[in-house]
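See below for the structure under consideration.
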Amino acid sequence: MDRFEIARALREIAALLRLKQEPQFRSRAYENGARGLEQLQGDLDRLVEQHQLTTIPGIGKGLARVIAELHSTGRSEVLDRLRAEYPPGITELVHVRGLGLSKIAELHQSLGISSIAELKAACESGALRRVRGFSAKSEAQLLVAIAALEGRGDRVLLVNAEPVAAQLLAYLRSGPAVKHAEVAGSLRRRQETVGNLDIVVATGARSKIGAILDYVEALPQRIATAERGENYCSIRLADGLRADVRVTITPHLISALHHFTGSPGHFSKLRQRGRRRGLGFDEERWCWQDGDGEVRWRDEAELYQRLGLQPIPPELREDQGEIEAAAKGLLPELIREGEVRGLVHCHTVYSDGKNSIAEMAETAAAMGMEYITITDHSPRASYAGGLTVDRLRRQWDEIAEVQERVPVQLLRGTESDI
């Protein structure tokens with residue numbers, strides 16, 4: 001097994017341990033080990049051969065033995081034992097509201113169901129009501145539960161979506177025949193919250209697309225495939241996010257990446273401008289065409305210039321007047337990270353923050369900030385450990401003490417509930 005296959009096995013062990021209601025630290029250890037393997041930059045073969053797996057963050061001696069066994073044999077005694085206790089597909093089906101262990105076992109024995117996709121198909125065909133303990137009402141309720149599960153995690157914070165996308169990109173870029181893998185959608189537009197993860201993958205030959213989609217479905221964090229077509233695959237991940245992966249050929253990469261980055265309204269207006277200039281867009285192959293055939297862009301800037309527009313950065317592609325401004329050459333400049341001089345709303349361990357005043361100040365200084373404002377909650381927010389006047393005074397004393405040791409200016413404030 002390679003490191004991603006091993007990570008997937010470790011996550012399955014973790015899920016089965018949670019089902020057994022084993023102590024939480026056990027399942028967490030396997031999750032940490034899976035994460036460590038996914039982020040590994042070194043040579044796994046060498047680490048196994050030299051018995052150095054424990055140098056990977058999150059992997060101890062016991063977990064190292066399991067990983068070595070999976071690496072060399074493709075099996076694990078621990079995983080085999082846990083699988084024997086439950087019906088196939090349990091780690092996926094258990095997420096469906098209304099399905100307990102006994103019902104999952106009955107479905108597997110009667111209909112061979114071992115995935116959410118198979119369960120959904122059985123509900124839609126009416127086959128489920130033929131199983132003891134299930135009815136037409138059961139089918140309807142399960143379809144609602146599956147729909148809720150498929151729509152779970154509609155929006156997540158950008159900062160939480162970024163590491164998930166980074167792991168997915170690293171996995172895809174190591175896949176068979178993958179030339180490029182890039183993030184698109186709301187994540188590339190840097191929206192505050194992200195819905196689905198949109199990924200565009202390019203390969204050198206159309207004949208390789210199927211193998212790449214198979215590789216997508218082998219992702220360790222995948223818990224189900226929501227949909228798969230000729231050149232795309234939509235999967236649900238263990239943390240609730242949904243990833244939509246589109247695979248195209250290298251000459252169409254720029255067109256596809258651009259198409260799946262902007263909002264629908266943004267792209268719709270671009271298509272209208274394109275028609276007036278003799279350009280059309282092929283929805284099936286994700287490429288632009290003119291009278292001479294397919295148009296192959298060097299970059300997205302060339303695409304916008306062909307449409308008579310100032311190049312529009314991804315962050316502005318929201319159909320909020322950016323196309324009209326670009327037509328006049330009046331796009332605003334984006335704020336760059338280096339232009340941010342200070343942080344004005346920061347919590348610490350005094351209320352519901354996770355770091356001390358010193359840690360916040362030192363990190364702000366390392367980021368090049370000039371000032372930082374400490375604004376923990378006021379007393380009214382008792383649910384968040386809001387500061388009484390006495391505690392606020394103690395915090396001010398600590399701010400003064402820390403100020404003597406850091407170059408960044410520390411300002412005193414409060415998040416005051418009125």
Student check: side-chain heavy atoms of [X] and [Y] closer than 4.5 Å:
X: Val245; Y: Ile212; result: no
X: Ile209; Y: Glu230; result: no
X: His180; Y: Thr250; result: yes
X: Leu10; Y: Val66; result: yes
X: Gln305; Y: Gln310; result: no
X: Val295; Y: Leu303; result: no
X: Arg391; Y: Gln395; result: no
X: Pro379; Y: Leu387; result: no

Please name the pair of heavy atoms, one in [X] and one in [Y], separated by the smallest distance, quoted to 0.1 Å.
X: His347; Y: His345; result: NE2-NE2, 3.1 Å
X: Thr225; Y: Cys233; result: CG2-SG, 4.1 Å
X: Leu79; Y: Ala9; result: CD2-CB, 4.1 Å
X: Ala181; Y: Leu169; result: O-CD2, 3.5 Å
X: Glu284; Y: Asn231; result: O-ND2, 3.4 Å

Verify the distance criterion only: is there a donor paired with an acceptor across the side chains of [X] and [Y] at less than 3.5 Å?
X: Arg228; Y: Ser234; answer: no
X: Glu318; Y: His266; answer: no
X: Tyr232; Y: Glu227; answer: yes

So, [X] and [Y], do they make that salt bridge, N to O below 4.0 Å?
X: Arg394; Y: Asp397; value: no
X: Glu283; Y: Arg271; value: yes
X: Glu300; Y: Arg188; value: yes
X: Glu370; Y: Arg341; value: yes
X: Glu182; Y: Arg173; value: yes

Students often mix this up, so state it plainly: with edges at 30° and 60°, are the rings of Phe267 and His258 parallel, tilted or perpendicular?
tilted
Parallel, tilted or perpendicular for Tyr215 and Tyr171, by the 30°/60° rule?
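The rings of Tyr215 and Tyr171 lie parallel, inter-plane angle below 30°.
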For residues His377 and Tyr350, establish whether the separation of their ring centroids is below 6.0 Å.
no
Do Phe260 and Trp286 make the cut of ring centroids closer than 6.0 angstrom?
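Yes - the distance between ring centres of Phe260 and Trp286 falls below the 6.0 Å cut-off.
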[atom2] on [Y] to [atom1] on [X], rounded to 0.5 Å:
X: Glu217; Y: Ile235; atom1: CD; atom2: CD1; result: 8.0 Å
X: Leu107; Y: Leu93; atom1: CG; atom2: CG; result: 7.5 Å
X: Asp376; Y: Leu392; atom1: CG; atom2: CG; result: 9.0 Å
X: Ile113; Y: Glu106; atom1: CD1; atom2: CD; result: 10.5 Å
X: Leu237; Y: Leu197; atom1: CG; atom2: CG; result: 6.5 Å
X: Arg11; Y: Leu219; atom1: CZ; atom2: CG; result: 8.5 Å

Would you find more than 12 non-hydrogen atoms of other residues, nucleotides or ligands less than 6.0 Å from [X] atom [atom1]?
X: Glu77; atom1: CD; answer: no
X: Arg277; atom1: CZ; answer: yes
X: Arg393; atom1: CZ; answer: no
X: Arg298; atom1: CZ; answer: no

Quick one: does any side-chain atom of Thr261 pair with a main-chain N or O of Leu257 as donor and acceptor, under 3.5 Å?
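It does hold such a pair.
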I need the full list of side-chain hydrogen bond (donor to acceptor under 3.5 Å, both in side chains) pairs touching residues 55-72, with sequence neighbours left out, sorted by first then second residue.
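side-chain hydrogen bond (donor to acceptor under 3.5 Å, both in side chains) check on residues 55-72 returns Asp45-His71.
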